[in-house]
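Following: one structure in structure tokens, then a few remarks.
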Amino acid sequence: MSLVQRSGSPSDGAAPTGAHEGSAGAPRWRKASASREAECVEVASGRAGVLVRDSKDAAGPVIAMTREAFAGLLAGVRGAAG
């Protein structure tokens, strides 16, 4: 897992290395289905894995992790909730 610092804002097309790019050259972010309005997490698929960010700070840091690490994170969160 790594923390990716981005320069620029989402509107200028800045994207972390390895991000799955949309037509504007930026990752295609999706809001997590379980997120509440004020506590939103967004994810995007990257060539190297999964990108995660805080939707309230779209120009802020992005966490990049392998798909296996992301699956482990989800399993841990689901286990803690159940």
Side-chain angles (χ1 to χ4, degrees):
M1 181 167 54
S2 64
L3 185 63
V4 178
Q5 287 289 88
R6 294 180 295 162
S7 60
S9 65
S11 62
D12 71 8
T17 303
H20 177 72
E21 296 178 358
S23 59
R28 294 183 200 158
W29 293 100
R30 298 180 320 215
K31 193 175 290 188
S33 60
S35 290
R36 289 181 252 160
E37 194 67 29
E39 300 173 0
C40 299
V41 174
E42 293 178 319
V43 297
S45 179
R47 286 186 292 271
V50 179
L51 307 171
V52 182
R53 74 175 182 186
D54 180 351
S55 66
K56 296 180 301 302
D57 187 11
V62 173
I63 298 171
M65 61 183 75
T66 65
R67 296 186 196 301
E68 294 79 16
F70 186 69
L73 173 69
L74 289 180
V77 169
R78 288 177 180 144

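Position 1 is the first residue of the sequence; numbering continues from there. Values reported hereafter were calculated over all heavy atoms of this structure, with side chains retained and with hydrogens, waters and symmetry mates removed.
Using a 4.5 Å heavy-atom threshold, the side chains of Ile63 and Phe70 count as separate. You'll find the side chain of Met65 reaches within 4.5 Å of the side chain of Leu73, heavy atoms only. For the pair Val62 and Val52, the minimum side-chain heavy-atom distance is 4.5 Å or more.
The minimum heavy-atom distance linking Cys40 with Asp54 is given by the pair O-OD1, 3.6 Å.
With sequence neighbours left out, Arg67 forms a side chain to side chain contact (heavy atoms under 4.5 Å, CB included) with Ser45, Val50.
Under 4.0 Å is where a charged nitrogen must lie from a carboxylate oxygen, and between Arg53 and Glu42 at least one such pair does.
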